[in-house]
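All residue numbers in this chain count up from 1 along the given sequence.
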Amino acid sequence: ERSCEDGALVDTECEVRSNVEQGKASMSMSMSIQKKEAAAKVVSSACGTVRQTWRDPRDDLRKEREQTEVDVKQLEDVLAQGGRKGLERVKRLIALVKDTTWGTKEDRYFLTRDQLHKRGLRVALGIRDVVKREGLSFDDAMVLRKLVDLPGGFELHFGMFIPTLIGQGTPEQVNKWLKPSLACKIIGTYAQTEMGHGTFLRGLETVACFDRDADEFVIHSPTPTATKWWPGGLGKTATHAVVMARLFLDGKDYGPHPFVMQIRDLATHKPMPGVAVGDIGPKMGYNGVDNGYLRFDHVRVPRDSLLQKYSKVTREGEYIPPHPSNTKSSYATLVFVRADIVKGAGEVLSKAATIAVRYNAVRRQTTHMPGSPEEIILNYQQSARNLIPMAATSYALHFMGESMMDMYKEFEGQKEKGHFGMLPELHATSSCLKALTTWLTVSGIETCRQACGGYGYSALSGLPSLYCNYVQNLTWEGDNTILCLQTARYIVKNLLRVLKGHQEKGQVPPLADTVRYLAGAVKPIQVAEVSCMDHLYDSELLDTLMSQRCVFYARSALETLESNARKHKHSEIVLYEGDVWNASHVRLVGLAKTHGWLLLHRSFFKKLGQSSLVALPADTRRILHDLALLFTLTQIEDTLGDFLEAGVLTQDQAPFVHEAVQNLLIKLRPDVVALVDAFAHDDYALNSAIGSYDGDVYNRLLAMAKSNPFN
């Protein structure tokens, strides 16, 4: 045997072999092409039949946009924060992050929990670096955070730990803790919720007892349910925490107070002595965040661990309470968080509506005429009834969010002058709206997901993660049922004032704007004058229907309380506690919900009269007005029993409601794609194979599936 190194003869032989192999490969390729061509001839006729009825979804979506009378660009400018400049800013911010290793979403749906956690940490640091490099503002950073949409272990560090230090620490404490926090040399979280207590803060079981001799607090978890549970970043990331513990001095309970505590060693990241800490495991969503548990076994901390801007404990163990106005200010902060949740609900639901409407506008299903294209799903009546109201609700929530923040800003102006008179109304409004808007958003996302059939079950649609990541809002920052009961208490108190004033003085006392309808409680409810469908297109008549339902529920709730008081042999009603109140929850929660629906209805129509919307083209204004009508009328149709029971509508009038809704669905059908387009959600923000702007559903699905590392 000879190698190719033996000389020219061998070189020639090698070349011959190479040519032979190339010839074989060429012959094989030629035969393959011939087979492919033959196969193509076999299926040619069948493919022609299929292509005759197939329609490119991109063309379908283009046609949807050609038929609308909505001026999408002008409506985008109205809806976007900052108008056209705000939209351009969002595009620039997306360009800064979408192709980074931490900002990319191409692999998002395929990441493991460990990868999500690490990616979430890189996202927080990446945004910080981009902001510093590009000279961006704090608002820009918040927009980037929302666009990338991957919260991680730093969420509560920046969102709660640092703000709490600034807001509740003395200058000396801020000086001690803030600089290392901003530099991320220490990472904090906020540990308040326990296994046994969430909403009822006075019941927290972690204790902080002052030891005068040592000038220290002893922090201890005396029961299993005293375990801190849920704080984000606590599982693996945080080194420190603001711990809410009940302060005890000489056995006297002074209630929950904030303590800054080190929970992990800065060198080894191991738990500090007496501290048990770890991750609570996977959740429905937000698995980039390491939610954790935390227990203390007689852990000693110095006295200045107590944040003492408002309340103090002296060296002698004397407690100095906060000024009453500080308590109100702290409560106002909680109200702001709830108002912010209301503001965010519309954005989330509008994402789901955008995905579902676009997909249903290109998805074809079934034909009764062989050889004809299958029907677009959105043209089916039930699909339209499912999804067009979701677009309407998205607009209602968007406008309500703006109104809620306007109300909060008005209160802030009053607060700066030392006036807190708006706080009760603001608290009641933000409470019921936080509950109602999050309920509507969660159920709305699920409606949109189901409307997308099997693809709605796929993570690639973007809808499952949207649902799982948002659903936590039903519980955090106040359980929705508890918040509804707080609103109901405010309404019932005002109803009692109205009835007392009318009985004693023959007049109704002054009422806040949101509950002014209670003045009608002294008069009998009248049946609305509705004798045809068109009567229901009067916004003032709809306002009467919605407000009269609230009056009915308020009276009914009070009657339920009075009835239960008699059953429990109480001489008077004690609002918000006791057997009588607890036995009346169902009607009281119903009252808060109907109150919230009235606020949503009024906010929508009020916004239509504001200058920015009045300046829109006439066709766009008309379509938005129809959308507002649909929003309220679908609520009336869905809860028609309420209106019949209240005596506001009769059984003979009910068919007019159904007719009015169906007529509006037909009128709005040509414009629904344009209406969701106007929310201007970028494909990067949606991260949906079936909801992209170009409508290229099936190619995107296949491309995303091919990128799956599991393959």
Run the salt-bridge test on Glu88 and Lys85 with the 4.0 Å N-O cut-off and return the result as yes or no.
no
Answer yes or no: are there more than 12 heavy-atom neighbours, outside Lys607 itself, under 6.0 Å from its atom NZ?
yes
If you take all heavy atoms of Ser383 and Leu378, which pair is closest and at what distance?
OG-CA, 3.7 Å
Any Lys/Arg nitrogen of Asp107 or Arg119 sitting under 4.0 Å from an Asp/Glu carboxylate oxygen of the other?
yes
Carboxylate-amine/guanidinium contact Arg89 Asp139, below 4.0 Å
no
Measure the CD1-SG distance between Ile355 and Cys448 for me, rounded to the nearest 0.5 Å.
8.5 Å
So do the side chains of Leu116 and Arg108 get within less than 4.5 Å of each other, counting heavy atoms only?
yes
Using a 3.5 Å distance criterion without hydrogens, assess whether the side chain of Arg55 forms a donor-acceptor pair with backbone atoms of Gln52.
yes
Under 3.5 Å, is there a donor-acceptor pair between the side chain of Glu69 and the main chain of Arg622?
no
Hey, what do you get for CG (Leu624) to CZ (Phe605), rounding to the nearest 0.5 Å?
11.0 Å
Is Asp77 reaching over with its side chain to a backbone N or O of Gly83, donor-acceptor style, under 3.5 angstrom?
no
Would you say that more than 12 heavy atoms from the other residues, nucleotides or ligands in this model lie under 6.0 Å from the CD of Glu106, or not?
no
Determine the minimum heavy-atom distance between Ile690 and Tyr359, stating which atoms define it.
O-CB, 3.6 Å
Under the criterion side chain to side chain contact (heavy atoms under 4.5 Å, CB included), I'd like the reasoning laid out for Lys667 against Leu630: C-alpha separation, chi angles, the key distance, then a yes or no.
CA-CA 10 Å; Lys667 289 176 68 177; Leu630 180 69; over 6 Å; no
For the backbone of Val289 and the side chain of Lys283, can you confirm whether one donor and one acceptor N or O come within less than 3.5 Å of each other?
yes
Do Gln635 and Met546 pass the side chain to side chain contact (heavy atoms under 4.5 Å, CB included) test, and can you show the C-alpha distance, the side-chain angles, and the key distance before you say yes or no?
CA-CA 10 Å; Gln635 163 57 193; Met546 298 294 281; 4.1 Å; yes
If you look at every heavy atom in Leu93 and Val143, which pair is closest and at what distance?
CD1-CG1, 3.7 Å
Please test Glu446 against Arg449 for salt bridge (charged side-chain N to carboxylate O under 4.0 Å, His left out), starting from the C-alpha separation and ending with a verdict.
CA-CA 5 Å; Glu446 177 60 11; Arg449 190 195 67 77; 2.9 Å; yes
Taking all heavy atoms of Leu633 and all of Leu536, pick out the closest pair and write down the distance.
CD1-O, 3.9 Å
Going by atom types alone, do Thr639 and Arg549 pair a side-chain donor with an acceptor below 3.5 Å?
yes
Can you establish whether the number of heavy atoms outside Gln81 located under 6.0 Å from its atom CD is more than 12?
no
Ring pair (Phe, Tyr, Trp, His ring centres under 6.0 Å) involving Phe656 - partner list, sequence neighbours excluded
none
Under the side chain to side chain contact (heavy atoms under 4.5 Å, CB included) rule, what do Arg358 and Tyr693 come out as? Steps first, then yes or no, please.
CA-CA 8 Å; Arg358 286 176 178 172; Tyr693 184 84; 3.4 Å; yes
Run the salt-bridge test on Asp543 and Arg602 with the 4.0 Å N-O cut-off and return the result as yes or no.
yes
Would you call Arg363-Asp60 a salt bridge at under 4.0 Å N-O?
no
Check: Thr53 side chain, Val50 main-chain N or O, donor-acceptor pair, under 3.5 Å
yes
Heavy-atom side-chain contact between Leu542 and Ile636 under 4.5 Å
yes
Closest non-hydrogen contact found for Ala361 with Val673 is CB-CG2, 3.8 Å
Sequence neighbours excluded, which residues qualify as ring pair (Phe, Tyr, Trp, His ring centres under 6.0 Å) partners of Tyr684?
none
So does Val614 get a backbone contact from the side chain of Arg621, meaning a donor-acceptor N/O pair under 3.5 Å?
yes
For Gln365, is there any backbone N or O sitting under 3.5 Å from a side-chain donor or acceptor partner on Tyr380?
yes
How many angstroms lie between atom CG of Leu675 and atom CE of Met390, to the nearest 0.5 angstrom?
14.0 Å
Are any of the side-chain heavy atoms of Leu627 and Asp671 separated by less than 4.5 Å?
no
When rounded to the nearest 0.5 angstrom, what is the spacing between CD in Glu347 and OG1 in Thr441?
11.0 Å
Run the side-chain hydrogen bond (donor to acceptor under 3.5 Å, both in side chains) check on Thr112 and Asp114 step by step: do they pass?
CA-CA 5 Å; Thr112 65; Asp114 183 60; 5.3 Å; no
salt_bridge(Arg385, Glu637) N-O dist < 4.0 Å
yes
Pairing residues for Phe399 by the ring pair (Phe, Tyr, Trp, His ring centres under 6.0 Å) criterion, not counting sequence neighbours:
Phe604
State, to 0.1 Å, how close Asp683 and Ser692 come at their nearest heavy-atom pair, and which atoms those are.
OD1-CA, 3.4 Å
For Asp149, is there an ion pair with Lys105 - N to carboxylate O distance below 4.0 angstrom?
no
I would like to know whether Leu397 and Leu600 meet side chain to side chain contact (heavy atoms under 4.5 Å, CB included); could you show each step before the answer?
CA-CA 7 Å; Leu397 296 184; Leu600 285 168; 3.9 Å; yes
Are Leu649 and Leu545 close enough that some pair of their side-chain heavy atoms sits under 4.5 Å apart?
yes
Side-chain (Asn360) to main-chain (Ala356) donor-acceptor, under 3.5 angstrom:
yes
Nearest 0.5 Å, please: how far is CE in Met400 from NE2 in His601?
12.0 Å
Using a distance-only test with no angle check, is there a side-chain donor-acceptor pair under 3.5 angstrom linking Thr438 and Asn480?
yes
Before accepting this row, confirm whether a basic side-chain N of the pair Glu402/Lys606 lies closer than 4.0 Å to the acidic partner's carboxylate O.
no
With heavy-atom distances below 4.5 Å as the criterion, would you say the side chains of Val148 and Val97 are in contact?
yes
Using the ring pair (Phe, Tyr, Trp, His ring centres under 6.0 Å) rule, collect all pairs that involve residues 90-113, keeping only residues at least two apart or in two chains.
none
Would you indicate whether the side-chain heavy atoms of Tyr455 and Leu463 approach each other to under 4.5 Å?
no
What's the spacing between Thr354 OG1 and Asp677 CG if we round to 0.5 Å?
7.5 Å
Any side-chain heavy atom of Asp626 within less than 4.5 Å of one from Leu629?
yes
Heavy-atom donor-acceptor pair, Gln653 side chain to Val530 backbone, under 3.5 Å
yes
Whether the side chain of Thr620 engages the backbone of Asp71 through a donor-acceptor N/O pair (distance < 3.5 Å, no angle test) should be reported.
yes
Residue pairs, two or more places apart or on separate chains, that pass salt bridge (charged side-chain N to carboxylate O under 4.0 Å, His left out) and touch residues 33-51
none
I'd like to check the ring pair (Phe, Tyr, Trp, His ring centres under 6.0 Å) partners of His658; sequence neighbours left out, ordered by chain and number.
none
